[in-house]
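Report on the following structure.
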Amino acid sequence: MRKLARILLVISTVTLGLVSGMAQGHHNFAAQYDAEKTAQLQGVVVKVDWLNPHAYFYIDVTDEKTGEVLTWACELGAPVSLMRRGWTRHSLSIGEIVNVEGNLSRDGSTSLSAFSVILESSGQKLFSGQN
């Protein structure tokens, strides 16, 4: 009986460890972004990561005060939810100018949770499903 109890304890511990590791891969919006602080940015797309659990794109934004170019990480929803809203993996092209609106990160880094993106070339407005 003790041997069975030990085996069950080991199996439970391993299972719990695996499940908790997977749970850390997805974050809570409120833990990373501030719903009260929004920003509107215009920049040039320099990278697109069409990945689960969230797609990201990166834009170079010129600071109007200093002239310094900063790269901003813009988080979107999951690719499947983006496709339901009309996105494709080719919606954003490297070099394209975009206007992005989203919630700023809590840690002050150059990242935001984008809730809308306007493509400068066509005027098309895409919504991310974030927030």
In short, salt bridge (charged side-chain N to carboxylate O under 4.0 Å, His left out) pairs touching residues 108-123 with sequence neighbours left out are none
The criterion is salt bridge (charged side-chain N to carboxylate O under 4.0 Å, His left out); which residues satisfy it with K47, sequence neighbours excluded? D49
What distance separates Q40 CD from L112 CG, expressed to the nearest 0.5 Å? 11.0 Å
Heavy-atom donor-acceptor pair, H54 side chain to G77 backbone, under 3.5 Å: no
Applying the 4.5 Å side-chain criterion to the ILVMFWY set and letting contacts propagate, would F57 and V44 be lumped into a single cluster? no
Determine all donor-acceptor pairs shorter than 3.5 Å in which one atom belongs to a side chain in residues 64-74; sequence neighbours excluded.
unit_1 : atom_1 : unit_2 : atom_2 : d
T66    : OG1    : E68    : N      : 3.1
T71    : OG1    : D60    : OD1    : 2.6

Under the side chain to side chain donor-acceptor pair (under 3.5 Å) test, residues paired with S121 that sit two or more places apart: E96
Look at the aromatic rings of Y58 and Y56 and report parallel, tilted or perpendicular, splitting at 30° and 60°. parallel
Test of understanding: clusters of I, L, V, M, F, W, Y form through side-chain heavy atoms closer than 4.5 Å, transitively. Do I97 and L92 belong to the same one? no
Residues in side chain to side chain donor-acceptor pair (under 3.5 Å) with D107, at least two apart? S105, S109
Which atoms form the tightest heavy-atom contact between P79 and P53, and what is the distance? CD-O, 4.5 Å
Side-chain donor/acceptor of R106 to backbone N/O of Y33, under 3.5 Å: yes
Using every non-hydrogen atom in the two residues, find where F127 and W87 come nearest and quote the distance to one decimal. O-NE1, 2.8 Å
Determine the minimum heavy-atom distance between S91 and G86, stating which atoms define it. OG-O, 4.3 Å
What closest approach, in Å, do A55 and L82 show between heavy atoms, and which atom pair accounts for it? CB-CD1, 3.8 Å
What I'd like to find out is whether the side chain of T38 reaches to under 4.5 Å of the side chain of L104, using heavy atoms alone. no
Out of curiosity, does V61 fall in the hydrophobic cluster containing V100 (side-chain heavy atoms, cut-off under 4.5 Å, transitive links)? yes
